[in-house]
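Presented below is the structure to which this report refers.
Reckoned from all heavy atoms, side chains included, excluding hydrogens, waters and symmetry mates. Naming convention: chains lettered A, B, ... in sequence-line order (proteins, then strands); numbering from 1 in each chain.
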Amino acid sequence: MPLVLYNTLTRQKEAFEPLNPSAVGMYVCGPTVYDRAHIGNARPIIVFDVLYRLLKRLYPSVTYVRNITDVDDKINARAKENGEPISALTERTTRMFHEDIAALNALPPDIEPRATAHIAQMIAMIETLIDKGHAYAAEGHVLFSVPSMPDYGCLSRRSQDELVAGARVEVAPYKKNPADFVLWKPSSDDLPGWDSPWGRGRPGWHIECSAMSAQYLGKTFDIHGGGQDLVFPHHENEIAQSRCAHGQPFARYWVHNGHLMVEGEKMSKSLGNFFTVRDLLEQAPGEAIRLCMLSTHYHQPLDWTNEGLKQARQAMDRFYTALRNAEDVEAVGREELPLEMLAALEDDLNTPLAIAHLHELAGALNKAASPEEKARAKGRLLAAGDALGVLQQDPEHWFKWSAAGGDVDEIEIESLIRQRMEARKARDFALADRIRDDLAARGILLEDGAGGTTWKRA
RNA sequence: GGCCGGGUGGCAGAGUGGCUAUGCAGGGGACUGCAAAUCCCCGUACAUCGGUUCAAUUCCGGUCCCGGCCUCCA
């Protein structure tokens, strides 16, 4: 079965046929680096990481481009607020972003272009748009002329009349049409700016993605992804800029992840349900966060709850328990993705179904009778986990994870376990149970297995 | 108002025109000194009203709810 993706452009699932199967390209809108990544930012990172892993499995060469937006008015405002140079803010935030998403097992993209390193390409593109009659300069600004593109609105399915009728903002006097959007705007001396044919200024938001995707993936490329909220205006405007400048199709498949709610409510700072990835990493291991994120289909809204995170962690415990109990055998066939797993992912990234398969594979491993069967079952579970970006660490490491700051003394625990073993041998179960209870009170759970006693954090 | 998604068992969450996932929680059993983990068994759900059909949770239409987006928020 071929890969099928829901394409926002056509509003239906379509078989994915790359332009060039030996060079697949994917562009995903990355972060604006002015603050820590929040949990909502993490969803596209994880979703498109799964897609990237799948594409790499299906095609010999995949180029994944995810930009860093390091010029933006929110950045300017935050830097001013902090009293620090803009570059200090963007560099620090970029570093923290990398740390946070690495903890979620997201592979780095092949190319991670920064907007400020591509100003020349943006200016060139804007000049082309002016030359072709799709843009005009006015009062130091350059605006894209929406009426110059007859099928503007094809992605979000809006007509130009609706846009004008629904416009909520005050229309700037230099706009010829209320729907026109900014390609370039002037900068005062205290703001970042670059020399341009229209004076010193800075780019509008949308142009960077058009310029950078063209540079690294070509004018027409396979997949463009991002959050659902970007469909309009950001992606609509990218399409307008790129198609009008290049005179050829832009991205062929548009993939958008749904939004995230927290405990049934929209996430917002005022409701106090706003979490950063960092906050979450202090409560749960990255893999649990990742599994939780993948347990709802990417296209659906996801309700992020404490209970959901707890269940994801329990599920990971179950998988790692199966692996820990199969420690004695070497996995066989771990490079080969089980077919049902591949089928689930190829069907528009059905990760909830894929996770169900993970449970079945863990059950099969638990039930495996012979060492040969066990080795094969272990290989299958590991391969399936790898497709989702989980289960690749040492089970012992997983079970000994502790929240940041909460140190456990492993030496002491091992010593207490030995004391308990002695007590059990002497049939002093009162003492043995007291040791177990004391450890439990400290969040350490003991499990007596055939091969001895193991422990894990509650 | 416009555009888009939804309403599935106690909860989460896939899926399907007839064979009714998966996990958690709950009940029973095996194993265990007792537990834990693991294994086995058990709970027959698809908002509502019509229609199509031999057969609909799944297709079509109406109704009622819920959510998102509508100019810089992933």
Using a 4.0 Å heavy-atom cut-off, write out nucleotides 30-38 of chain B from 5' to 3' as B (base contacted by protein), S (sugar-phosphate only) or - (no contact). ---BBBBSS
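Using C1' as the reference atom, B:rC31 and B:rG23 are 23 Å apart when rounded to the nearest Å. With both ends at atom P, the span from B:rG10 to B:rA45 equals 10 Å, rounded to whole Å. Atom name C1', nucleotides B:rC70 and B:rG62: the rounded distance is 27 Å, in whole Å. As rounded to the nearest Å, B:rG67 and B:rC59 have P atoms that lie 24 Å from one another. When the P atom is compared between B:rA56 and B:rU63, the two are found 23 Å apart, to the nearest whole Å. Using atom P as the reference point in both B:rC11 and B:rC4, the two lie 31 Å apart (nearest Å). Separating the C1' atom of B:rU52 from that of B:rG61 is a span of 11 Å, rounded to the nearest Å. For B:rG2 and B:rC60, the C1' atoms lie 24 Å apart once the distance is rounded to whole Å.
Looking at A:Y253, its side chain does come within 3.5 Å of a backbone N or O of A:A15 through a donor-acceptor pair. Side-chain atoms of A:D180 never come within 3.5 Å of backbone atoms of A:K175 as a donor-acceptor pair (strictly under, hydrogens ignored).
One atom, NE2 of A:H357, and another, P of B:rU22, lie 11 Å apart when rounded to the nearest Å. In this structure, A:R158 places its CZ atom 13 Å from P of B:rG2, rounding to the nearest Å. The distance between atom NE2 of A:H359 and atom P of B:rC39, rounded to the nearest whole Å, is 12 Å. Between A:H259 atom NE2 and B:rC70 atom C1' the separation is 13 Å, expressed in whole Å. We find that CG of A:L349 is positioned 12 Å from P of B:rG15, with the value rounded to whole Å. One can place CD1 of A:I355 at 13 Å from P of B:rG15, the figure rounded to the nearest angstrom. Per the geometry, CG belonging to A:D72 stands 17 Å off P belonging to B:rU71, to the nearest Å. If you take CG of A:L260 and P of B:rG6, they are 18 Å apart, rounded to a whole angstrom.
The side chain of A:D229 lies closest to B:rC73, out of B:rC73, B:rU22, B:rC3. Nearest to the side-chain atoms of A:Q311 among the listed nucleotides B:rG23, B:rC72, B:rA74 stands B:rG23. Comparing B:rC3, B:rC72, B:rA21 against the side chain of A:E360 picks out B:rA21 as the nearest. Each of B:rG15, B:rC73, B:rA25 was ranked by its minimum atom distance to the side chain of A:Q314; first place goes to B:rA25.
Annotation: A:H297 is not in aromatic contact with A:Y6 [ring centroid separation under 6.0 Å not met]. Ring centroid separation for the pair A:Y298 and A:H256 does not come in under the 6.0 Å cut-off. Taking the six-membered ring for Trp, A:Y27 and A:Y64 have ring centres at least 6.0 Å apart.
Listed by chain and residue number, nothing satisfies the salt bridge (Lys or Arg N to Asp or Glu O under 4.0 Å) test with A:R95 (two or more places apart in sequence, or in another chain). Legend: residues meeting side-chain contact (heavy atoms from CB on, under 4.5 Å) with A:P203, ordered by chain and number and at least two apart, are A:V71, A:I119, A:M122, A:W184, A:W194, A:I207. Annotation: side chain to side chain donor-acceptor pair (under 3.5 Å) contacts of A:T453 (sequence neighbours excluded): A:D448. Residues passing the side chain to side chain donor-acceptor pair (under 3.5 Å) test with A:T454 are A:R324, sequence neighbours excluded.
Note on residues 369-380 of chain A: pairs passing salt bridge (charged side-chain N to carboxylate O under 4.0 Å, His left out), not counting sequence neighbours, are A:D328-A:K374, A:E340-A:R380. For the salt bridge (charged side-chain N to carboxylate O under 4.0 Å, His left out) condition, the pairs that include at least one residue of residues 41-53 of chain A, sequence neighbours left out, are A:D49-A:R53, A:D49-A:R290, A:R53-A:D386.
For the residue pair A:D110 and A:Y52, a side-chain donor N or O sits within less than 3.5 Å of a side-chain acceptor on the partner.
Nucleic acid contact class of A:F399 (heavy atoms, under 4.0 Å, all strands): none.
Annotated as syn: B:rG43, whose O4'-C1'-N torsion sits within 90° of 0.
Judged by closest nucleotide on RNA chain B, A:R11 is the one of A:C29 and A:R11 placed further toward the 5' end. Looking at which nucleotide of RNA chain B each of A:N257 and A:Y6 is closest to, the 5′-most match is held by A:Y6.
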For residues 28-38 of chain A, which side-chain donor-acceptor pairs fall under 3.5 Å, sequence neighbours excluded?
| unit_1 | atom_1 | unit_2 | atom_2 | d |
| --- | --- | --- | --- | --- |
| A:D35 | OD2 | A:R78 | NH1 | 3.3 |
| A:R36 | NH1 | A:D100 | OD1 | 3.3 |
| A:R36 | NH1 | A:D100 | OD2 | 3.2 |
| A:H38 | ND1 | A:G40 | N | 2.9 |
| A:H38 | ND1 | A:N41 | N | 3.3 |
| A:H38 | ND1 | A:N41 | OD1 | 3.4 |
| A:H38 | NE2 | A:N41 | OD1 | 3.2 |

Under 3.5 Å, sequence neighbours excluded: what are the donor-acceptor pairs made by side chains of residues 360-369 of chain A?
| unit_1 | atom_1 | unit_2 | atom_2 | d |
| --- | --- | --- | --- | --- |
| A:E360 | OE1 | A:H357 | ND1 | 3.1 |
| A:N366 | ND2 | A:A362 | O | 3.4 |

If a pair means Watson-Crick or G-U wobble with both distances below 3.5 Å, what does RNA chain B look like in dot-bracket form, with | marking bases paired to a different strand? (((((((..(((.....[...))).(((((.......)))))....(((((..]....))))))))))))....
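Using a cut-off of 4.0 Å between Lys/Arg side-chain N and Asp/Glu carboxylate O, A:R114 and A:D70 are scored as salt-bridged. A salt bridge links A:D433 with A:R436: the distance from a Lys NZ or Arg NE/NH1/NH2 to an Asp or Glu carboxylate oxygen falls below 4.0 Å.
The phosphate of B:rC69 has OP1 or OP2 within less than 4.0 Å of a side-chain N or O from A:K266.
Contacts with RNA chain B (heavy atom under 4.0 Å) in residues 286-307 of chain A: A:S295, A:T296, A:H297, A:Q300, listed by number.
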When you compare the protein's N or O atoms with those of nucleotides 16-19 of chain B, which come within less than 3.5 Å of each other, and at what distance?
none

